[in-house]
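Down below is the structure, laid out as structure tokens.
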Amino acid sequence: MAIPVWLVWVVSILCVWVGLGSYGVLNNNEGLYAQIPHEMLASGDIKHWIIPHLNGLPYMEKPPLLYWLTALSFVLFGQAEWVVRLIPTLAGLGCVGLILNFGERIYRPQVGRLAALMFISGLGILIISRTLVFDMLLTFFLTGALMCAYLYKVEEHISDLRWAHVFLAFGVLTKGFVAILLCSLVVLVWIMMVHGTDAWKQYRKWIDPVSIAIFFVITVPWFVAASLSEPIFLWFFFINEHVLRFMGQRLPHDFYSGPWWYYLPRMVIYLFPWSLLLPVALMATWSRRSRIEIQEFTILRKTLIFAWLVPLVFFSLSSAKANYYLIVGMPFAALNLALLLEQSEFLKGIRSVLLGLILALLTAAAAIYLSLTDRLTSFDLILQGLSVSHYAQLTLWTITSLSLITALVAWRYSRIGLAAYSVLPLFIMLALVVAANGVSPMISDHTMADFIQQKLPNRTVYMYRNYEQNSSLPFYLKRTVRVIDSSSSDLYWGNRLRPENSLMVSREVLKSKKEPMVIVVPNTLLDEFAHEKLHTRFLNNKQFGYATLFY
């Protein structure tokens, strides 16, 4: 099999760009992270660039690099939906470039090309690379740091070590010290496993004053400026956001937890459908272990294994869990899988049809299950003229057909091989984009914002208790909003640090206000809202997705 580089880039660009701005900015995280760079630009205050602000209040949970880059994108291209997602999209493409370059540097270009294809078209990666969150940008920098570290280990070019520190420094400015911790753990573990008792001599080779100076020159200025701007910053960032978060004692407790195996099924989703090949590739590799010398672990194999295994163990032990945390290890998981496939001679012959057959069986079974149950019939939505249930069934049957067709192509045309399956993620991506367009009024407040701006332009906007559920509304309104008796975790510290600037109001104060207003109430809080008699002052209400607008 010979995968051309142009095919990798065409598939990658299609995966991340098609329909990128066709659905609204998502509520919760994406709305929050889009509003912060908007406020940076709107404030005209340099302090907002040092300590990011959300709804006019300090927001110190994350470093500012993603916000800075997104704000720069807003300046260059405006604040359209595709611009909101531009930085994670470019980070995803950047990971593709790193994987391709790494494949060339280790003299396995086809492994690099297959890994790049599997990475960018994996279902979980495809979604995260099209969403404004920190983790794809962190993945780019951590991947660059670890790849440069490996190349320094095997080739001992000092420039690779210094580039590793550059990547690592920007990783710290993206999501904090988790970048240092993960990179250091991977390097320490693989050196110890490779060199054993001679490990200490190897560690000393990594102490380069110039590399360390480069790291500090990039990272220290922001930390100094932030600590001078906000006295509580050092405690908040080092202790509350790192130590206490890992231990599950962070204030406020606004994160998810889960069992130790939380990430195992999610790893299948990250690289789906390619992850379906892992069990059969392992069995094929094991059956040929004598011929491919599987007994002798090379530095490369250990690097690829530990680069995703260490993050898996780290995040599994942490009390704070999220669906997207572990994508930082997926470039190396893809490389590891591609290397296994190459070693087991899985890229050619009849074995190349297995992925298509497995996926066809799974999707056909899922389609039959949906047709026999009422799992999706409760959704009152129309997608391309179909109910949600019928749309899902049609999508699954189409994937079944495409899986069988691509399996035949992979088998009959050995030069194409597994690359033929890249059609499947592209179709899945298109199906998801269509679905996202259909549910956009439920997951984004674009429609609500348009209604307020056109019908109620001069009214003060209030949110009832919850800010996050309708976080895209302030972004589309291009203004901060007042929150009634806030229960928001993201505004918690800002309210404590800057009560004089807080836009939080009590329901008792609100009852005395005579100004024209609208109130956004999550549907889950409608009974509470009615109990407080706040609805009696409004003549109208209109439902938008999971919230109701009173006006």
Quick check for you: to the nearest 0.5 Å, what is the distance between [X] atom [atom1] and [Y] atom [atom2]?
X: Leu359; Y: Ile428; atom1: CG; atom2: CD1; answer: 6.5 Å
X: Ser389; Y: Leu383; atom1: OG; atom2: CG; answer: 11.0 Å
X: Leu114; Y: Leu339; atom1: CG; atom2: CG; answer: 10.5 Å
X: Leu132; Y: Leu66; atom1: CG; atom2: CG; answer: 5.0 Å
X: Ser227; Y: Phe236; atom1: OG; atom2: CZ; answer: 14.5 Å
X: Met429; Y: Leu14; atom1: CE; atom2: CG; answer: 6.5 Å

Side-chain donor-acceptor contact under 3.5 Å, [X] with [Y]:
X: Tyr324; Y: Asn29; result: yes
X: Ser121; Y: Trp274; result: yes
X: Glu39; Y: His48; result: no
X: Thr548; Y: Asn523; result: yes

Are side-chain heavy atoms of [X] and [Y] found at a separation under 4.5 Å?
X: Leu100; Y: Arg113; value: yes
X: Leu98; Y: Pro331; value: no
X: Met247; Y: Ser319; value: no
X: Trp493; Y: Asn240; value: yes
X: Leu497; Y: Glu230; value: yes
X: Met442; Y: Phe544; value: no
X: Phe475; Y: Val84; value: yes
X: Cys95; Y: Phe119; value: yes

With distance as the sole test, does [X] use its side chain to make a donor-acceptor pair with the main-chain N or O of [Y] at under 3.5 Å?
X: Thr89; Y: Ser129; result: yes
X: Ser472; Y: Asp445; result: yes
X: Tyr152; Y: Ala164; result: no
X: Ser444; Y: Val25; result: yes
X: Arg85; Y: Leu20; result: yes
X: Thr131; Y: Val133; result: no
X: Arg465; Y: Asp485; result: yes
X: Thr395; Y: Tyr391; result: yes
X: Ser229; Y: Ala226; result: no
X: Asn495; Y: Leu491; result: yes

What orientation do Phe167 and Trp163 show, parallel under 30°, tilted 30 to 60°, or perpendicular over 60°?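 If you compare the ring of Phe167 with that of Trp163, the planes turn out tilted.
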Between Glu30 and Arg130, does the salt bridge (Lys or Arg N to Asp or Glu O under 4.0 Å) criterion hold? Intermediate values first, please. CA-CA 10 Å; Glu30 191 169 63; Arg130 299 164 62 93; over 6 Å; no
Partners passing salt bridge (charged side-chain N to carboxylate O under 4.0 Å, His left out) against Glu468 (at least two apart in sequence or in another chain):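 Salt bridge (charged side-chain N to carboxylate O under 4.0 Å, His left out) check on Glu468 returns nothing, list empty.
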Specify the closest pair of heavy atoms between [X] and [Y], including all atoms of both residues, with the distance to one decimal.
X: Val186; Y: Val310; value: CG2-CB, 3.8 Å
X: Ala320; Y: Tyr325; value: O-CE1, 3.6 Å
X: Asn437; Y: Tyr23; value: OD1-N, 3.9 Å
X: Phe315; Y: Val178; value: CZ-CG2, 4.1 Å
X: His165; Y: Phe215; value: O-CD1, 3.8 Å
X: Gly31; Y: Ser471; value: CA-OG, 3.4 Å

Between Phe134, Trp49, Phe74, Trp222, which is the residue that forms a ring pair (Phe, Tyr, Trp, His ring centres under 6.0 Å) with Tyr67?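 By the ring pair (Phe, Tyr, Trp, His ring centres under 6.0 Å) criterion, Tyr67 pairs with just one of Phe134, Trp49, Phe74, Trp222: Phe134.
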Out of the candidates Trp68, Phe141, Phe140, only one should pair with Phe170 under the ring pair (Phe, Tyr, Trp, His ring centres under 6.0 Å) rule; please name it.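 Testing each of Trp68, Phe141, Phe140 against Phe170, the sole residue satisfying ring pair (Phe, Tyr, Trp, His ring centres under 6.0 Å) is Phe141.
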Tell me, with the steps shown, if Cys183 and Leu142 meet side-chain contact (heavy atoms from CB on, under 4.5 Å). CA-CA 7 Å; Cys183 187; Leu142 186 59; 3.8 Å; yes
Please walk me through it: do Met463 and Arg482 pass side-chain contact (heavy atoms from CB on, under 4.5 Å)? CA-CA 6 Å; Met463 289 182 174; Arg482 297 182 179 276; over 6 Å; no
Chi angles and distances behind the side-chain contact (heavy atoms from CB on, under 4.5 Å) call for Leu117, Tyr421: CA-CA 10 Å; Leu117 267 180; Tyr421 291 113; over 6 Å; no
For Asp490, run the side chain to side chain contact (heavy atoms under 4.5 Å, CB included) check against Leu32, Leu57, Asn55 and tell me which one passes.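 Looking at Leu32, Leu57, Asn55, the match for Asp490 under the side chain to side chain contact (heavy atoms under 4.5 Å, CB included) is Leu32.
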Tell me if the centroids of the rings in Phe177 and Phe223 come within less than 6.0 Å of each other.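 Centroid distance Phe177-Phe223: below 6.0 Å, so yes.
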Tyr59 ring center near His53 ring center (under 6.0 Å):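 No - the distance between ring centres of Tyr59 and His53 does not fall below the 6.0 Å cut-off.
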Count the heavy atoms belonging to other residues, nucleotides or ligands that lie under 6.0 Å from CZ of Phe314, then report whether that count exceeds 12.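 Yes, enclosed.
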Any chance CZ of Phe238 has more than 12 other-residue heavy atoms, nucleotides or ligands included, within less than 6.0 Å?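 Above 12, so yes.
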Working note: Thr400 + Thr363, criterion side chain to side chain donor-acceptor pair (under 3.5 Å); need CA distance, chi angles, decisive distance, verdict. CA-CA 6 Å; Thr400 301; Thr363 52; 2.6 Å; yes
Apply side-chain contact (heavy atoms from CB on, under 4.5 Å) to Tyr270 and Ile128, showing your working. CA-CA 9 Å; Tyr270 292 146; Ile128 297 301; over 6 Å; no
Geometric cation-pi criterion Arg266 and Tyr262, 6.0 Å radius, 45° cone: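 Yes; both conditions hold, so Arg266 lies above the ring face of Tyr262.
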Ionic contact status for Glu61 with Arg250, cut-off 4.0 Å: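 A salt bridge links Arg250 with Glu61.
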